[in-house]
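In listed order, ligands and their atoms are each counted from 1. Small disclaimer: the values here were computed from a predicted structure and weren't measured.
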Amino acid sequence: MTGVLKVEKAKHVAIIMDGNGRWAQQRGRPRLIGHHAGARRIRDVLESCPRLGVKYLTIFAFSTENWKRTQEEVAGLMSLFRRYILREAKNLKKNGVRVRFIGDRLRLENSLVELMDNLEMMTSDNDLVHLTIAINYGGRDEVARAAQRLAYDVKAGRLAPKEINEETLPKYLDTHVLPDPDLLIRTSGEARISNFLLWQTAYSEYDFVDTLWPDFTSNMFEEALRRYTERTRRFGGVLI
Ligand code: FPP
């Protein structure tokens, strides 16, 4: 029997879109200009997903730590999220994208949460690509919130302590309907995970690219996916 190497494509890709601030700084512009340029890059990458076999794309838009930034930058980002939803909603629906948001919504303004809920609802019948946007998200915070909900279930008798294990705990995470990411890309040359999807990336491949997020193209995305298949070819390939 001839051996055929089975190369698995990355089905779920997570991205830490880093470097917006530096991109703006390099141009002598305010940091928010970098975030606006960064927001425009999402469409290109997202639209290339079906062609590249990526079914799930999860992007880190605002972390639980990002509140420490200046009030001006935080407010600018929140208004950018609103504008993104208003501007892209129709397109996302039309293009078969199902949008979900992860993170703690309690600290977000009601007007933003309403737009988020509405976009989730509007796109809930779509299944071509699943876009998950992390806003006020932190991996530790997510696990802590999951533990809290789990404790309530134990207290109410819905779950026995001995039933808490690697299968039941992730059901309480924000990402409970998503598979774990195969690949995590971080732009801008930083090689850190920064509290993103801590539980879910336990076995993910990491790819750190030097390009700042506003310069990241769908070609670079395709390259990262190619590197991923090479890695799985070496370490995860199976002879069938
Ligand atoms: C990190 O770059 C980026 C962020 C904290 C915000 C990410 C937001 C976007 C890409 C745009 C908006 C997103 C949506 C979903 C509309 P940084 O500011 O930390 O860059 P730096 O490290 O160069 O300072």
Side-chain angles (χ1 to χ4, degrees), residues 13-47 49 56-93 95 97-105 107-109 111-120 122-123 129-139 141 174-175 184-197 208-218 220-221:
V13 181
I15 308 184
I16 300 178
M17 308 178 289
D18 196 14
N20 297 344
R22 273 163 286 166
W23 185 91
Q25 242 163 0
Q26 284 172 4
R27 287 157 180 78
R29 307 294 305 277
R31 294 176 56 82
L32 264 175
I33 297 292
H35 295 313
H36 281 262
R40 286 194 293 273
R41 296 314 312 154
I42 297 169
R43 190 191 270 202
D44 192 24
V45 170
L46 180 63
E47 286 182 356
C49 285
Y56 299 89
L57 182 71
T58 300
I59 55 177
F60 206 1
F62 193 90
S63 77
T64 45
E65 289 73 38
N66 285 152
W67 297 105
K68 292 183 205 139
R69 297 188 174 201
T70 63
Q71 205 267 332
E72 187 192 0
E73 186 170 347
V74 169
L77 276 165
M78 294 300 150
S79 114
L80 176 58
F81 300 147
R82 271 189 212 98
R83 283 168 62 165
Y84 175 83
I85 295 173
L86 290 167
R87 193 181 62 218
E88 298 292 326
K90 255 197 188 153
N91 230 355
L92 292 163
K93 183 173 168 58
N95 291 336
V97 180
R98 178 165 186 174
V99 183
R100 294 185 181 88
F101 292 92
I102 54 170
D104 188 355
R105 297 179 193 205
R107 200 170 165 184
L108 302 175
E109 276 186 23
S111 60
L112 174 59
V113 175
E114 271 171 31
L115 287 172
M116 288 159 57
D117 288 343
N118 192 39
L119 184 60
E120 283 187 336
M122 227 177 112
T123 61
V129 182
H130 294 243
L131 172 68
T132 302
I133 305 176
I135 298 183
N136 193 26
Y137 175 88
D141 179 67
D174 296 352
T175 53
L184 176 106
I185 300 171
R186 181 176 187 142
T187 57
S188 93
E190 307 289 350
R192 293 189 290 275
I193 182 164
S194 296
N195 205 9
F196 194 37
L197 302 174
F208 299 107
V209 294
D210 286 337
T211 310
L212 304 176
W213 173 252
D215 289 328
F216 191 75
T217 63
S218 57
M220 294 175 189
F221 185 53

Query raised in the report: Does ligand 1 have an atom that lies less than 4.0 angstrom from a heavy atom of S188?
Result: no

Query raised in the report: Any idea which of R22, M17, R41, R83 brings a heavy atom closest to atom 1 (C) of ligand 1?
Result: M17

**Report entry** Those atoms of ligand 1 less than 4.0 Å from some heavy atom in R69
**Finding:** 5 (C), 17 (P), 18 (O), 19 (O)

Requested in this report: Mark yes when over 12 heavy atoms from residues, nucleotides or ligands other than E190 sit less than 6.0 Å from its CD; otherwise mark no.
Outcome: yes

Report summary line: min-distance protein heavy atom vs atom 10 (C) of ligand 1 -> N20 ND2, 3.3 Å

Query - Sub-4.0 Å atoms of ligand 1 with respect to non-hydrogen atoms of N66 - result: 5 (C)

Report task. Heavy-atom contacts with A61 under 4.0 Å: which atoms of ligand 1 show up? List them by number with element. Result -> 6 (C), 7 (C), 8 (C), 15 (C)

Query - Atoms of ligand 1, numbered as shown, that sit under 4.0 Å from any heavy atom of F81 - result: 12 (C), 13 (C), 14 (C), 16 (C)

**Report entry** Within-cut-off N or O pair, Y84 and ligand 1, under 3.5 Å
**Finding:** no

Requested in this report: Nearest 0.5 Å please: distance from the CD1 atom of I16 over to the CG atom of L184.
Outcome: 4.5 Å

Report task. Using the six-membered ring wherever Trp is involved, compare the ring planes of F62 and W67 and label them parallel, tilted or perpendicular (cut-offs 30° and 60°). Result -> perpendicular

Query - Within 6.0 angstrom of E120 CD, more than 12 heavy atoms from elsewhere - result: yes

Query - Proximal atoms of ligand 1 relative to H35 (non-hydrogen, under 4.0 Å) - result: 4 (C), 6 (C), 11 (C), 18 (O)

**Report entry** Atoms in ligand 1 flagged as close to I42, the criterion being non-hydrogen separation under 4.0 Å
**Finding:** 13 (C), 14 (C), 15 (C)

**Report entry** Any N/O pair G21/ligand 1 closer than 3.5 Å
**Finding:** yes

Query - Within 45° cone of W213 ring axis and under 6.0 Å: R41 NZ or CZ - result: no

Report task. Between Q25 and ligand 1, find which residue part has any heavy-atom pair under 4.0 Å and reply side chain, backbone, both or neither. Result -> neither

Query - Distance-only side-chain donor-acceptor flag, R186 / S194, under 3.5 Å - result: yes

Query raised in the report: Between W23 and ligand 1, does any nitrogen or oxygen pair lie at a separation below 3.5 Å?
Result: no

Query raised in the report: Do side-chain atoms of N20 reach the backbone of G38 as a donor and acceptor pair under 3.5 angstrom?
Result: no

Query raised in the report: Is atom CZ of R87 surrounded by more than 12 heavy atoms (other residues, nucleotides or ligands) closer than 6.0 Å?
Result: yes

Report task. Please determine if D18 and R22 form a salt bridge, counting it only when a charged side-chain N lies under 4.0 Å from a carboxylate O. Result -> yes

Query raised in the report: Short list, please: which atoms of ligand 1 are under 4.0 Å from a heavy atom of W213?
Result: 10 (C)

